[in-house]
Amino acid sequence: MKKFGRMLLALSLIMTVIIPFQHADASSKFTDVTLYEKEINFLADKGIINGYNNGTFQPEASIKRIQAVQMLLRAKGVKDLSGAPDPNFADLKKGDYGYEEAAKAVQLGFISRKQDSKTGKKYFNPWDTLTRGQMAKVLSLAYHLKGTTVSEFYDVPSTDGFYTYINALAYNNVTTGYSNNTFKPYQSISRQHFSVFLARTLDSSFKEESSLL
(Lines give C-alpha, C1' and ligand atoms only; values in the text may rest on other atoms or scores of the structure.)
Protein backbone atom coordinates (compact mmCIF):
# COMPACT_ATOMS: atom_id res chain seq x y z
CA MET A 1 0.00 0.00 0.00
CA LYS A 2 2.84 2.38 0.82
CA LYS A 3 4.35 1.71 -2.57
CA PHE A 4 1.02 2.39 -4.22
CA GLY A 5 0.64 5.61 -2.25
CA ARG A 6 4.06 6.80 -3.33
CA MET A 7 3.16 6.05 -6.94
CA LEU A 8 -0.01 8.14 -6.65
CA LEU A 9 1.94 11.01 -5.09
CA ALA A 10 4.55 10.88 -7.84
CA LEU A 11 1.85 10.82 -10.52
CA SER A 12 0.08 13.81 -8.99
CA LEU A 13 3.33 15.79 -8.92
CA ILE A 14 3.97 14.96 -12.58
CA MET A 15 0.46 16.09 -13.55
CA THR A 16 0.94 19.32 -11.58
CA VAL A 17 3.94 20.11 -13.77
CA ILE A 18 2.51 18.93 -17.08
CA ILE A 19 -1.00 20.38 -17.01
CA PRO A 20 -0.02 24.06 -16.70
CA PHE A 21 2.50 23.60 -19.49
CA GLN A 22 -0.15 22.18 -21.80
CA HIS A 23 -2.52 24.99 -20.88
CA ALA A 24 0.12 27.60 -21.73
CA ASP A 25 0.63 26.08 -25.17
CA ALA A 26 -3.10 26.00 -25.79
CA SER A 27 -3.66 29.62 -24.75
CA SER A 28 -1.06 31.22 -26.97
CA LYS A 29 0.28 30.44 -30.41
CA PHE A 30 3.63 32.03 -29.52
CA THR A 31 5.98 31.04 -26.73
CA ASP A 32 6.60 34.61 -25.57
CA VAL A 33 3.04 36.00 -25.62
CA THR A 34 1.39 36.39 -22.22
CA LEU A 35 -0.58 39.61 -22.72
CA TYR A 36 -3.28 40.27 -25.32
CA GLU A 37 -3.33 36.60 -26.27
CA LYS A 38 -6.86 36.72 -27.68
CA GLU A 39 -6.09 39.61 -30.03
CA ILE A 40 -2.76 38.19 -31.18
CA ASN A 41 -4.17 34.69 -31.66
CA PHE A 42 -7.09 36.20 -33.59
CA LEU A 43 -4.68 37.84 -36.05
CA ALA A 44 -2.54 34.70 -36.27
CA ASP A 45 -5.59 32.57 -37.10
CA LYS A 46 -6.37 34.92 -39.98
CA GLY A 47 -2.81 34.74 -41.29
CA ILE A 48 -2.23 38.42 -40.58
CA ILE A 49 0.75 37.71 -38.34
CA ASN A 50 3.13 34.79 -38.50
CA GLY A 51 5.72 35.40 -35.83
CA TYR A 52 9.30 34.25 -36.12
CA ASN A 53 10.85 30.89 -37.02
CA ASN A 54 11.68 30.15 -33.39
CA GLY A 55 8.03 30.30 -32.36
CA THR A 56 8.18 33.78 -30.83
CA PHE A 57 6.29 36.95 -31.63
CA GLN A 58 8.55 39.45 -29.85
CA PRO A 59 5.49 41.32 -28.57
CA GLU A 60 7.33 44.16 -26.83
CA ALA A 61 9.60 44.99 -29.76
CA SER A 62 8.73 48.19 -31.61
CA ILE A 63 6.95 47.45 -34.86
CA LYS A 64 8.63 48.65 -38.05
CA ARG A 65 6.79 50.68 -40.65
CA ILE A 66 7.07 47.96 -43.29
CA GLN A 67 5.80 45.32 -40.85
CA ALA A 68 2.73 47.41 -40.11
CA VAL A 69 2.06 47.83 -43.83
CA GLN A 70 2.38 44.08 -44.40
CA MET A 71 -0.08 43.35 -41.59
CA LEU A 72 -2.60 45.85 -42.93
CA LEU A 73 -2.46 44.45 -46.45
CA ARG A 74 -3.06 40.93 -45.14
CA ALA A 75 -5.88 42.19 -42.92
CA LYS A 76 -7.52 43.83 -45.93
CA GLY A 77 -7.14 40.67 -47.98
CA VAL A 78 -4.82 42.25 -50.53
CA LYS A 79 -2.91 39.38 -52.14
CA ASP A 80 -2.10 40.76 -55.56
CA LEU A 81 0.68 43.28 -55.10
CA SER A 82 1.33 43.79 -58.78
CA GLY A 83 0.35 46.80 -60.84
CA ALA A 84 1.01 49.52 -58.27
CA PRO A 85 2.72 52.61 -59.71
CA ASP A 86 6.30 53.20 -58.68
CA PRO A 87 6.13 55.57 -55.67
CA ASN A 88 9.68 56.69 -56.42
CA PHE A 89 11.03 56.14 -52.94
CA ALA A 90 14.65 57.16 -52.59
CA ASP A 91 15.19 54.46 -49.98
CA LEU A 92 13.12 51.59 -51.42
CA LYS A 93 13.63 50.44 -54.99
CA LYS A 94 12.12 47.70 -57.12
CA GLY A 95 13.48 44.37 -56.00
CA ASP A 96 14.07 45.53 -52.42
CA TYR A 97 12.35 43.69 -49.59
CA GLY A 98 9.01 45.35 -48.90
CA TYR A 99 8.94 47.45 -52.09
CA GLU A 100 5.79 45.86 -53.52
CA GLU A 101 3.90 46.14 -50.24
CA ALA A 102 4.87 49.79 -49.77
CA ALA A 103 3.95 50.63 -53.37
CA LYS A 104 0.56 48.94 -52.99
CA ALA A 105 -0.10 50.77 -49.72
CA VAL A 106 0.63 54.11 -51.41
CA GLN A 107 -1.72 53.16 -54.24
CA LEU A 108 -4.45 52.28 -51.72
CA GLY A 109 -3.89 55.58 -49.96
CA PHE A 110 -3.09 54.59 -46.41
CA ILE A 111 0.57 55.55 -46.37
CA SER A 112 2.23 58.64 -47.75
CA ARG A 113 5.72 59.57 -48.83
CA LYS A 114 7.86 61.84 -46.69
CA GLN A 115 9.56 64.43 -48.85
CA ASP A 116 12.91 65.96 -47.99
CA SER A 117 12.46 69.73 -48.16
CA LYS A 118 16.05 70.24 -49.33
CA THR A 119 16.50 67.52 -51.94
CA GLY A 120 12.88 66.93 -52.92
CA LYS A 121 13.45 63.17 -52.63
CA LYS A 122 10.68 61.03 -51.19
CA TYR A 123 11.25 58.43 -48.49
CA PHE A 124 9.34 55.62 -46.86
CA ASN A 125 11.81 54.73 -44.08
CA PRO A 126 10.70 51.08 -43.98
CA TRP A 127 12.80 50.10 -40.97
CA ASP A 128 11.95 53.09 -38.82
CA THR A 129 9.68 52.31 -35.90
CA LEU A 130 6.03 53.23 -36.21
CA THR A 131 4.71 55.77 -33.72
CA ARG A 132 1.31 55.71 -32.06
CA GLY A 133 0.28 58.76 -34.08
CA GLN A 134 1.31 57.12 -37.33
CA MET A 135 -0.60 54.01 -36.28
CA ALA A 136 -3.72 56.11 -35.83
CA LYS A 137 -3.26 57.62 -39.27
CA VAL A 138 -2.74 54.38 -41.20
CA LEU A 139 -5.63 52.62 -39.46
CA SER A 140 -7.97 55.57 -40.02
CA LEU A 141 -7.05 55.81 -43.69
CA ALA A 142 -7.02 52.05 -44.33
CA TYR A 143 -10.46 51.52 -42.77
CA HIS A 144 -11.99 54.95 -43.43
CA LEU A 145 -12.52 55.66 -39.74
CA LYS A 146 -14.06 59.05 -39.10
CA GLY A 147 -15.70 60.94 -36.28
CA THR A 148 -14.85 63.36 -33.52
CA THR A 149 -15.27 63.10 -29.77
CA VAL A 150 -15.47 65.70 -27.03
CA SER A 151 -12.95 63.66 -25.05
CA GLU A 152 -9.62 64.97 -26.21
CA PHE A 153 -6.12 64.03 -25.15
CA TYR A 154 -3.96 66.59 -23.38
CA ASP A 155 -0.94 65.84 -25.55
CA VAL A 156 -2.79 65.96 -28.88
CA PRO A 157 -3.85 69.56 -29.56
CA SER A 158 -6.04 70.36 -32.55
CA THR A 159 -2.96 71.71 -34.33
CA ASP A 160 -1.23 68.34 -34.23
CA GLY A 161 -1.00 66.59 -37.59
CA PHE A 162 -2.37 63.37 -36.09
CA TYR A 163 -5.26 65.03 -34.25
CA THR A 164 -7.98 64.05 -36.75
CA TYR A 165 -6.86 60.41 -36.94
CA ILE A 166 -6.44 59.93 -33.19
CA ASN A 167 -9.83 61.52 -32.61
CA ALA A 168 -11.33 59.11 -35.14
CA LEU A 169 -9.87 56.14 -33.27
CA ALA A 170 -11.25 57.44 -29.99
CA TYR A 171 -14.69 58.08 -31.53
CA ASN A 172 -14.79 54.51 -32.87
CA ASN A 173 -13.66 53.07 -29.50
CA VAL A 174 -10.44 51.71 -30.97
CA THR A 175 -8.41 53.65 -28.43
CA THR A 176 -9.02 54.93 -24.92
CA GLY A 177 -5.67 56.56 -24.34
CA TYR A 178 -3.94 56.36 -20.99
CA SER A 179 -5.33 56.96 -17.50
CA ASN A 180 -3.87 60.48 -17.36
CA ASN A 181 -5.82 61.39 -20.52
CA THR A 182 -2.78 61.32 -22.81
CA PHE A 183 -2.22 59.40 -26.03
CA LYS A 184 1.57 59.68 -26.46
CA PRO A 185 1.41 60.14 -30.26
CA TYR A 186 5.15 60.27 -30.79
CA GLN A 187 6.00 57.21 -28.78
CA SER A 188 6.99 54.08 -30.71
CA ILE A 189 4.30 51.42 -30.70
CA SER A 190 5.05 47.81 -29.85
CA ARG A 191 4.10 44.81 -31.95
CA GLN A 192 1.57 43.67 -29.36
CA HIS A 193 -0.11 47.07 -29.05
CA PHE A 194 -0.36 47.48 -32.82
CA SER A 195 -1.96 44.03 -32.91
CA VAL A 196 -4.52 45.09 -30.30
CA PHE A 197 -5.48 48.22 -32.21
CA LEU A 198 -5.80 46.26 -35.45
CA ALA A 199 -7.86 43.51 -33.79
CA ARG A 200 -10.23 46.12 -32.34
CA THR A 201 -10.61 47.68 -35.78
CA LEU A 202 -11.44 44.34 -37.37
CA ASP A 203 -13.68 42.92 -34.62
CA SER A 204 -15.68 45.15 -32.30
CA SER A 205 -15.89 42.42 -29.64
CA PHE A 206 -12.31 43.25 -28.67
CA LYS A 207 -13.37 46.80 -27.83
CA GLU A 208 -15.47 45.44 -24.99
CA GLU A 209 -12.36 44.05 -23.32
CA SER A 210 -10.30 47.15 -24.04
CA SER A 211 -7.57 48.19 -21.66
CA LEU A 212 -6.01 51.63 -21.51
CA LEU A 213 -4.09 51.99 -24.75
Side-chain angles (χ1 to χ4, degrees), residues 24 27-52 54-76 98 101-102 105 110-111 124-145 147 149 151-156 160-213:
S27 63
S28 177
K29 295 182 179 297
F30 304 102
T31 58
D32 57 347
V33 171
T34 56
L35 297 174
Y36 312 114
E37 295 172 61
K38 290 182 180 179
E39 292 91 338
I40 292 172
N41 286 346
F42 167 77
L43 297 181
D45 286 339
K46 289 183 171 295
I48 297 170
I49 56 176
N50 301 311
Y52 293 90
N54 61 358
T56 65
F57 180 64
Q58 299 183 18
E60 295 182 1
S62 297
I63 193 167
K64 308 300 183 184
R65 288 167 56 83
I66 189 60
Q67 293 172 335
V69 164
Q70 290 169 333
M71 286 176 63
L72 283 170
L73 289 173
R74 292 172 193 152
K76 292 177 70 65
E101 290 93 336
F110 63 82
I111 67 167
F124 175 60
N125 303 319
W127 299 110
D128 280 2
T129 56
L130 192 77
T131 66
R132 288 170 56 85
Q134 290 169 341
M135 172 278 300
K137 182 176 181 178
V138 295
L139 280 183
S140 295
L141 292 176
Y143 289 96
H144 309 290
L145 301 179
T149 174
S151 178
E152 298 182 354
F153 302 110
Y154 291 133
D155 56 349
V156 188
D160 190 286
F162 295 118
Y163 174 83
T164 300
Y165 309 112
I166 293 171
N167 228 344
L169 258 61
Y171 178 82
N172 288 277
N173 297 316
V174 176
T175 186
T176 57
Y178 292 95
S179 57
N180 61 353
N181 204 31
T182 62
F183 184 76
K184 303 178 183 179
Y186 296 95
Q187 176 177 292
S188 295
I189 187 170
S190 66
R191 288 166 57 82
Q192 63 184 355
H193 285 177
F194 184 82
S195 297
V196 172
F197 285 120
L198 181 54
R200 289 177 186 171
T201 302
L202 296 176
D203 189 330
S204 60
S205 67
F206 290 115
K207 298 176 185 178
E208 299 170 5
E209 307 175 3
S210 64
S211 55
L212 295 173
L213 281 177

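Note that the numbering runs from 1 along the sequence shown for the chain.
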Interatomic distance, Ile166 atom CD1 to Met135 atom CE [nearest 0.5 angstrom]: 7.5 Å

Approximate separation, where rounding is to 0.5 Å, of Leu72 CG and Leu141 CG: 10.5 Å

Closest non-hydrogen atom pair between Ala68 and Phe194, with its separation: CB-CZ, 3.8 Å

Student check: side-chain heavy atoms of Lys137 and Phe110 closer than 4.5 Å: no

Separation of Phe197 CZ from Thr175 OG1 (nearest 0.5 Å): 4.0 Å

Neighbour count >12 (heavy atoms, 6.0 Å) for atom OH, Tyr52: yes

Distance, nearest 0.5 Å, that separates NZ of Lys184 from CG of Leu213: 10.5 Å

Parallel, tilted or perpendicular: ring planes of Tyr36 versus His193, cut at 30 and 60 degrees: perpendicular

Contact summary for Ile63 and Met71, nearest pair of heavy atoms: CD1-SD, 3.8 Å

Side-chain (Ser140) to main-chain (Ala136) donor-acceptor, under 3.5 angstrom: yes

Reported CD1-to-CD distance for the pair Ile189 and Gln192, which is rounded to 0.5 angstrom: 10.0 Å

Candidate pair Gln134 and Phe162, rule side chain to side chain contact (heavy atoms under 4.5 Å, CB included), full reasoning: CA-CA 7 Å; Gln134 290 169 341; Phe162 295 118; 3.7 Å; yes

Closest approach of Ala142 to Lys76 (non-hydrogen atoms, all atoms of both residues): O-NZ, 2.8 Å

Any Gln67 side-chain heavy atom under 4.5 Å of Arg191 side chain: yes

Step-by-step side chain to side chain contact (heavy atoms under 4.5 Å, CB included) determination, Val196 to Phe206: CA-CA 8 Å; Val196 172; Phe206 290 115; over 6 Å; no

Minimum-distance pair of heavy atoms, taken over all atoms of Phe57 and Val33: CB-CG2, 3.7 Å

Inter-residue atom distance Leu169.CG - Thr164.OG1, 0.5 Å rounding: 12.0 Å

Pair Asn181-Phe153, side chain to side chain contact (heavy atoms under 4.5 Å, CB included): steps then yes or no: CA-CA 5 Å; Asn181 204 31; Phe153 302 110; 3.9 Å; yes

Under 3.5 Å: donor-acceptor pair, side chain of Asn41, backbone of Lys29: yes

Tyr143 atom OH, neighbour heavy-atom count above 12 within 6.0 Å: yes

Shortest non-hydrogen separation from Thr131 to Tyr186 and the atoms involved: CG2-O, 4.1 Å

Flag, side chain of Asn54 to backbone of Thr56, donor-acceptor distance under 3.5 Å: yes

Under 3.5 Å side-chain donor-acceptor pair for Ser188 and Thr129: yes

Under 3.5 Å: donor-acceptor pair, side chain of Arg132, backbone of Gln187: no

Glu152 vs Tyr163 side-chain heavy atoms within contact, under 4.5 Å: yes

Minimum side-chain heavy-atom gap Asp160-Tyr165 below 4.5 Å: no

Minimum heavy-atom distance between Leu130 and Arg65, given as atom pair plus value: CD1-CG, 4.0 Å

